[in-house]
Amino acid sequence: MGTNLILAGLGLAAAGYVGRCIIRASPQFSKTMKESLKALSSFESSNFANSKYYKGGFESTMTKREASLILGVSPTTSKLKVKEAHKRIMSLNHPDRGGSPYIAAKINEAKDLLENNK
């Protein structure tokens, strides 16, 4: 019975010591976590700033620049390349395959605009 009391006392002492270390380290830990999250958010925004994908909504009337960004081609691309890009992007975003009807309409509008300007 004496050894059980000694073991219980040592267990409580160890738990108290660990708790004390955690409490002392928590301000430093929270400071480190805040700095890490801040660095991560700035890394993500800078990483995606150089992305090849267009960020932003659609303009009220589609321009040649916006149409070329949607299809991922140059504004001076041939009709054949526009048609190939349209087919590739529509196969990924078609409403019958779970894509958005609005996005599909914008893709079609971009194709029409670029083909009619040639």
Side-chain angles (χ1 to χ4, degrees):
M1 175 141 168
T3 55
N4 288 340
L5 289 175
I6 292 173
L7 289 176
L10 287 174
L12 287 173
Y17 182 74
V18 169
R20 180 175 168 222
C21 290
I22 290 172
I23 290 172
R24 283 188 173 181
S26 66
Q28 180 62 28
F29 179 72
S30 66
K31 182 180 175 187
T32 305
M33 284 300 290
K34 284 179 186 176
E35 290 172 359
S36 299
L37 289 173
K38 192 179 205 182
L40 181 64
S41 66
S42 67
F43 170 74
E44 286 178 351
S45 63
S46 68
N47 190 21
F48 291 118
N50 298 325
S51 176
K52 66 179 182 175
Y53 299 109
Y54 176 68
K55 290 183 200 50
F58 296 109
E59 297 174 14
S60 57
T61 57
M62 187 170 292
T63 62
K64 196 172 180 181
R65 177 185 174 275
E66 184 181 25
S68 65
L69 285 171
I70 289 171
L71 294 178
V73 296
S74 169
T76 58
T77 304
S78 67
K79 283 186 178 183
L80 180 64
K81 296 249 184 197
V82 169
K83 204 172 204 179
E84 290 172 357
H86 174 264
K87 183 177 180 180
R88 178 177 42 86
I89 293 174
M90 268 313 269
S91 68
L92 298 171
N93 293 296
H94 199 277
D96 291 345
R97 294 186 180 190
S100 166
Y102 179 71
I103 300 294
K106 285 296 187 178
I107 293 169
N108 286 330
E109 184 181 354
K111 175 188 155 260
D112 293 340
L113 182 75
L114 288 177
E115 281 187 341
N116 291 339
N117 284 337
K118 304 284 180 225

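Below, each value reflects all heavy atoms present in this structure, side chains not excepted, and no hydrogens, waters or symmetry copies.
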Residues Lys79 and Glu115: closest non-hydrogen pair is CE-O, 3.1 Å
Across all chains, not counting sequence neighbours, the side chain to side chain donor-acceptor pair (under 3.5 Å) partners of Asn93 are none
Applied to residues 89-116, the ring-ring contact (aromatic ring centres under 6.0 Å, His included) test, sequence neighbours excluded, yields Phe58-Tyr102
Applied to residues 4-17, the salt bridge (Lys or Arg N to Asp or Glu O under 4.0 Å) test, sequence neighbours excluded, yields none
Met62 and Ile70 have their tightest heavy-atom pair at CE-CD1, 3.5 Å
One should read off an interatomic distance between Ile103 CD1 and Ile89 CD1, to the nearest 0.5 angstrom, of 11.0 Å
Closest non-hydrogen atoms of Leu114 and Lys64, given as atom of the first, atom of the second and distance, are CD2-CG, 3.7 Å
When rounded to the nearest 0.5 Å, the distance separating OG of Ser91 from NE2 of His86 is 10.0 Å
Residues pairing under salt bridge (Lys or Arg N to Asp or Glu O under 4.0 Å) where one sits in residues 93-106, two or more places apart or in two chains, turn out to be Lys106-Glu109
Separation between CD (Glu66) and OG1 (Thr61), nearest 0.5 Å, reads 8.5 Å
Note to self: For a side chain to side chain contact (heavy atoms under 4.5 Å, CB included) check, start with the C-alpha distance between Met90 and Asn108, then their side-chain angles and the critical distance, and finish with the verdict.
What the structure shows: CA-CA 8 Å; Met90 268 313 269; Asn108 286 330; 4.1 Å; yes
In terms of heavy-atom contacts, Ser68 and Pro75 come closest through OG-CG, 3.6 Å
Those residues at least two apart in sequence (or on a different chain) that pass side chain to side chain contact (heavy atoms under 4.5 Å, CB included) with Leu80 are Ser78, Glu84
Residues at least two apart in sequence or cross-chain that pass side chain to side chain contact (heavy atoms under 4.5 Å, CB included) with Ala85, listed by chain then number, are Leu71, Val73, Arg88
